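Let me begin by presenting the structure, written as structure tokens, before commenting on it.
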Amino acid sequence: MTIDRLPDQREERTVTTGTTIGQLFAEVFAGDRSNIAARLRAAAAEPILVDLDRELADGDAIEPVAIDSEDGRAILRHSTAHVMAQAVQEVFPEAKLGIGPPIRDGFYYDFQVERPFTPDDLKTIEQRMQAIVKQGQRFSRRPVSDEAARQELAGEPFKLELIGLKGSGNAVSTDDGADVEVGGGELTIYDNIDAKSGELCWKDLCRGPHLPTTRNIPAFKLMRSAAAYWRGSEKNPQLQRIYGTAWESKDALKAHLDFLAEAEKRDHRKLGAELDLFSFPTEIGSGLAVFHPKGAVIRNEMEQYSRQRHVESGYEFAYTPHATKGTLFELSGHLDWYKDGMYPPMQLDDGVDYYLKPMNCPMHNLIFRSRGRSYRELPLRLFEFGTVYRYEKSGVVHGLTRARGFTQDDAHIYCTREQMSDELDSLLTFVLDLLRDYGLNDFYLELSTRDPEKSIGTDEAWAEATETLRKVALKRGLDLVDDPGGAAFYGPKISVQAKDAIGRTWQMSTIQLDFMEPGLFDLAYKGSDGADHQPVMIHRALFGSIERFFAVLLEHYAGAFPAWLAPVQVTAIPITDAHVPYLHEVAAKLRSQGIRVEVDASDDRMQKKIRNAQKAKVPFMLIAGEEDVTKGAVSFRYRDGSQNNGVPVDEAVAEIVEAVRSRRND
RNA sequence: GCCUCCUUAGCUCAGUCGGUCAGAGCGACGCACUCGUAAUGCGUAGGUCAUCGGUUCGAUUCCGAUAGGAGGCUCCA
């Protein structure tokens with residue numbers, strides 16, 4: 001006898017012993033096959049996801065899990081990973097199984113094979129998967145003892161290792177995906193059983209749950225193969241990983257593939273070359289960018305506006321060198337903690353080590369302590385576009401978002417403990433407002449806390465700093481996500497994550513609270529009591545790095561920057577050569593208002609000029625022919641293709657100037 | 001750093017199973033055209049096929065190393 005509750009209209013039902021969840025759902029949701037699993041709450045236990053063929057017990061409360069819900073998709077993807085593994089082992093019988101969890105937008109499965117998979121292999125595997133899906137193999141759950149599992153999986157060394165991990169009583173770490181295979185509780189094996197013959201086709205150690213049958217997989221695609229370390233450690237052997245994606249419908253799959261295509265079109269590395277904004281000359285070295293004039297215009301506008309806002313908000317500016325003696329980074333602790341991430345030293349002046357700076361804060365600390373400080377000066381806010389160099393490993397360098405040399409819009413705020421909360425609060429407001437000014441509107445916050453292995457300072461100091469940040473973050477009313485162990489060695493941080501135009505999130509600003517470095521540097525200010533006190537330090541980068549923020553904006557706007565940032569704001573296009581002088585006059589008026597305008601006097605036909613300006617994503621085209629000249633007017637073509645013809649020149653100038661000055665981000 | 005793949009004209013890419021195969025489009029430049037909202041026509045120039053080394057009678061093509069790039073893994077103060 002069993003009770004069943006449904007989400008909106010909680011409904012109690014009595015069923016006969018032995019009834020499965022699937023049977024009950026078939027009755028309740030007649031005709032609706034979209035529920036592929038259930039969330040089950042047995043008496044007083046945490047709810048768990050279970051298979052539909054689970055038999056109901058007295059007192060169970062269940063809730064359907066739809067295939068297009070977050071949990072439903074994860075189950076779908078996990079089951080698809082199984083189908084892939086089965087296909088791989090059918091095509092490559094010697095392949096040994098690693099793990100195969102669902103991930104964001106898809107799944108993967110790791111295999112140990114003689115040679116890496118080729119794109120042709122993926123096609124073969126995909127075809128084999130189609131056959132398995134068609135065959136309608138049933139996923140059947142079977143609890144096993146550790147010993148039985150060991151015997152059954154004697155030929156799968158990696159699975160045996162997972163059983164060992166679980167059997168030894170160690171909690172299996174969740175970040176390597178292994179818990180998908182072996183959960184905290186009993187071991188289970190999933191058998192894949194042929195729908196017609198009842199024959200066992202394949203099996204895998206797995207905690208489940210799974211779809212009822214492979215037929216429930218509506219749409220999937222294998223994406224790519226790559227190497228991955230076993231259990232995520234570079235000390236372990238590398239396995240071959242195949243990534244795939246699976247969706248609740250063909251349309252959903254297509255939407256996802258379209259999204260990936262859109263993201264590729266927006267790739268800042270591609271747009272940067274197409275729009276002539278920046279490049280990475282191999283002669284300079286990996287991860288070191290040069291900005292071309294058009295990119296420099298954008299960057300300069302970004303910086304100028306930031307400077308202006310910082311001045312308005314009480315910051316003072318500093319400049320510091322790019323290189324320093326190693327002793328400074330010994331004092332700051334960087335050489336202890338981050339030596340591997342720094343460029344190796346150069347030896348000067350009889351063997352003194354000099355380093356390129358990976359961070360600006362030690363330099364700012366020296367400015368703070370260059371003379372005695374009074375409590376009256378606090379909060380002291382030092383700001384710098386500080387260029388830093390970090391030795392990123394060759395495999396991780398990635399366009400402007402992961403470079404070896406980049407410029408932080410870095411500020412260090414020195415204040416008293418009493419000022420700390422208010423300062424953080426107004427700082428967060430400042431940060432979010434400024435990000436909005438650049439056109440980002442959708443945020444959430446992340447709180448990165450201490451990694452005991454990689455940090456200095458007392459528990460009390462960390463606790464206070466962390467709680468202070470948490471309170472400030474919560475006040476904001478934005479979502480706050482925990483990032484345990486993600487902090488720098490000297491203090492916890494809040495990071496602002498922003499969503500771009502196509503819904504991707506980017507880590508933008510970071511705000512770190514630091515009780516440690518002021519001590520290392522013996523920073524002090526004279527209090528109103530006449531005694532020395534140690535200031536608190538707030539580290540904060542708003543763009544993160546200018547290069548990276550540039551890349552984010554480039555992808556966010558897909559290269560079509562708002563008028564105030566656009567490298568060329570206006571392209572003037574004559575109908576014939578005869579109208580060029582007239583447009584030069586119009587251009588001069590615009591230029592006198594600070595507008596970046598070009599007159600296209602080339603040999604191309606007018607249509608071609610429009611095409612060129614359109615491809616360069618210029619916000620305003622001003623076209624003039626005989627009709628316009630006689631009326632003292634120009635004709636607009638806007639970036640979206642719309643027109644406004646015969647606009648008097650002064651009105652046109654005013655319209656453009658207003659659009660630029662107002663920094664409208666449309 | 002590790003794994004797989006890639007590198008042919010400024011850009012995007014064809015091509016050579018080792019022997020007149022170094023090609024196209026765009027771009028640049030020249031000439032003609034003077035045109036009302038996304039490509040006018042014709043012509044010219046550009047590459048020791050990433051670099052270095054090896055195999056071979058002969059290498060852009062095969063092998064190795066190096067550099068740079070892509071996708072992952074690890075890392076990301």
Side-chain angles (χ1 to χ4, degrees), chain A residues 108 110 115-119 176 223-243 264 267 269-270 273-274 276 279-287 329 332-334 336-342 357-361 388 390-399 401-404 408 410 448 451 454-455 486-491 493 507 510 512 514 539 541 544-545 548 573-580 602-616 621-628 635-639 641-646:
Chain A
Y108 66 80
D110 290 341
R115 64 163 176 84
F117 297 107
T118 65
D176 65 4
M223 304 302 286
R224 64 173 60 92
S225 63
Y229 298 109
W230 168 239
R231 304 197 63 237
S233 166
E234 49 190 333
K235 295 187 189 87
N236 289 336
Q238 278 196 329
L239 307 182
Q240 293 301 313
R241 173 171 297 181
I242 301 178
Y243 285 93
E264 202 179 315
D267 189 313
R269 295 164 300 180
K270 195 179 147 97
E274 278 174 13
D276 193 18
S279 60
F280 292 89
T282 59
E283 294 82 350
I284 295 179
S286 183
F329 292 122
S332 68
H334 287 94
D336 287 340
W337 295 99
Y338 297 117
K339 190 167 189 181
D340 290 346
M342 291 166 64
K357 68 174 168 181
M359 290 184 88
N360 301 303
C361 44
V388 296
R390 297 177 183 179
Y391 180 70
E392 300 287 1
K393 288 194 281 185
S394 62
V396 310
V397 170
H398 182 94
T401 55
R402 195 78 183 272
R404 282 181 171 170
Q408 294 183 307
D410 208 0
S448 299
D451 180 348
K454 285 189 190 172
S455 54
F489 71 88
Y490 46 75
K493 78 173 176 205
Q507 178 176 316
T510 58
Q512 295 170 295
D514 181 359
H539 304 242
S545 91
R548 195 185 129 80
I573 297 174
I575 299 292
T576 76
D577 287 351
H579 313 116
V580 169
S602 71
D603 241 6
D604 289 324
R605 289 172 77 212
M606 178 264 304
Q607 286 87 343
K608 182 61 180 293
K609 293 178 183 182
I610 288 169
R611 179 180 152 85
N612 286 343
Q614 198 77 50
K615 277 177 55 180
M621 283 176 231
L622 288 184
I623 298 168
E626 217 41 51
E627 288 175 38
D628 294 295
S635 293
F636 275 100
R637 179 188 165 98
Y638 301 99
R639 194 156 49 189
S642 62
Q643 311 179 21
N644 186 13
N645 295 333

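Lettering of chains follows the sequences in order, A, B, ..., and the numbering in each one begins at 1. Since the model is a prediction, treat every value here as computed from it, not as a measurement.
Distance from the side chain of A/D577 is smallest to B/rU34 among B/rU34, B/rC75, B/rU40. Comparing B/rG36, B/rA77, B/rG1 by their closest approach to the side chain of A/Q512 singles out B/rA77. Comparing B/rG71, B/rU37, B/rA77 against the side chain of A/A226 picks out B/rG71 as the nearest. If you check B/rA38, B/rU74, B/rG71 against the side chain of A/R269, the one that comes closest is B/rG71. Listed nucleotides B/rC73, B/rU37, B/rA77 differ in distance to A/M606; the shortest reach to its side chain belongs to B/rU37. Here the side chain of A/K615 is nearest to one of B/rA77, B/rA38, B/rG72, namely B/rA38.
Here the side chain of A/K609 pairs a donor or acceptor atom with the backbone of A/S602 at under 3.5 angstrom. Panel note: side chain A/R241, backbone A/D110; no donor-acceptor pair is recorded below 3.5 Å.
One can place CZ of A/R548 at 14 Å from C1' of B/rA77, the figure rounded to the nearest angstrom. If you take OH of A/Y243 and C1' of B/rC73, they are 7 Å apart, rounded to a whole angstrom. When rounded to the nearest whole Å, the span between CG of A/N612 and P of B/rG27 equals 7 Å. Taking atom NZ on A/K608 and atom P on B/rU34, their separation rounds to 18 Å, with Å as the unit. For A/K235 and B/rG1, the NZ to P distance is 18 Å, given to the nearest whole Å. The separation between A/I575 atom CD1 and B/rC33 atom P is 19 Å, rounded to whole Å. Rounded to a whole Å, the NE2 atom of A/H398 is 10 Å from the C1' atom of B/rA70. In this structure, CE of A/M223 is placed 13 Å from C1' of B/rG72, rounded to the nearest angstrom.
Considering CG of A/N612 and CD of A/Q607, their distance stands at 12.0 Å, rounded to 0.5 Å. Taking CG from A/D514 and NZ from A/K493, the interatomic distance works out to 13.0 Å, rounded to the nearest 0.5 Å. Rounding to the nearest 0.5 Å gives a distance of 6.5 Å between OG of A/S225 and CD of A/Q240. Rounding to the nearest 0.5 Å gives a distance of 6.5 Å between CD of A/Q507 and CZ of A/R548. A distance of 7.0 Å separates CD1 of A/I623 from CD of A/Q643, quoted to the nearest 0.5 Å.
Between B/rC62 and B/rG18, the two P atoms lie 7 Å apart (nearest whole Å). Only the P atoms considered, B/rU60 is 16 Å distant from B/rC21, to the nearest whole Å. If you take atom C1' in B/rU20 and the same atom in B/rG15, they sit 15 Å apart, rounded to whole Å. The C1' atoms of B/rG27 and B/rG69 are separated by 23 Å, rounded to the nearest whole Å. Nucleotides B/rU51 and B/rU7 place their C1' atoms 11 Å apart, quoted to the nearest Å.
Shown here, B/rG68 is classed anti by the O4'-C1'-N9-C4 or O4'-C1'-N1-C2 angle, which is more than 90° from 0.
Using a 4.0 Å heavy-atom criterion, one finds that A/Y490 contacts the sugar-phosphate atoms exclusively. Within the nucleic acid shown, A/S286 comes within 4.0 Å of sugar-phosphate atoms alone, with no base atom in reach, counting heavy atoms only. A/D604 comes within contact range of no nucleotide atom at all, as no heavy-atom separation falls under 4.0 Å. Within 4.0 Å of A/R605, counting heavy atoms only, lies at least one base atom of the nucleic acid. No contact: A/T510 has no heavy atom under 4.0 Å from any strand. A/A227 comes within contact range of at least one nucleobase, with a heavy-atom separation under 4.0 Å. Within the 4.0 angstrom heavy-atom criterion, no nucleotide atom of any strand lies near A/E274. Within the nucleic acid shown, A/P358 comes within 4.0 Å of at least one base atom, counting heavy atoms only. Residue A/E392 is classed as having no contact, given no heavy-atom separation below 4.0 Å to the nucleic acid.
For A/Y338 and A/F329, the ring centers are positioned 6.0 Å apart or more.
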Original post:
Which dot-bracket notation, 5' to 3', represents the base pairing of RNA chain B when pairs are defined as Watson-Crick or G-U with both distances under 3.5 Å, crossing pairs as [ ], and inter-strand pairs as |?
Top reply: (((((((..((((.....[...)))).(((((.......))))).....(((((..]....))))))))))))....
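Between the side chain of A/S635 and the base of B/rG36, a donor-acceptor pair under 3.5 Å is found. Judged by distance alone, with hydrogens and angles left aside, A/D603 brings a side-chain donor or acceptor within reach of the base of B/rC33, the pair sitting under 3.5 Å. Residue A/D628 places a side-chain atom within donor-acceptor reach of the base of B/rG36, judged by atom type and a 3.5 Å distance cut-off alone. A donor-acceptor contact under 3.5 Å is not formed by the side chain of A/R231 with the base of B/rC73. Under 3.5 Å, the side chain of A/Y229 and the base of B/rG72 form no donor-acceptor pair of N or O atoms. Between the side chain of A/Q238 and the base of B/rC2, a donor-acceptor pair under 3.5 Å is found. You'll find a donor-acceptor pair under 3.5 Å spanning the side chain of A/R637 and the base of B/rA38, going by distance alone. Contact annotation: side chain of A/K609 to base of B/rU37, donor-acceptor pair absent below 3.5 Å.
A/D267 is linked by a salt bridge (charged side-chain N to carboxylate O under 4.0 Å, His left out) to A/R269, counting only residues two or more places apart in sequence or in another chain.
Using a 4.5 Å cut-off on side-chain heavy atoms (C-beta onward), A/H334 and A/C361 make contact.
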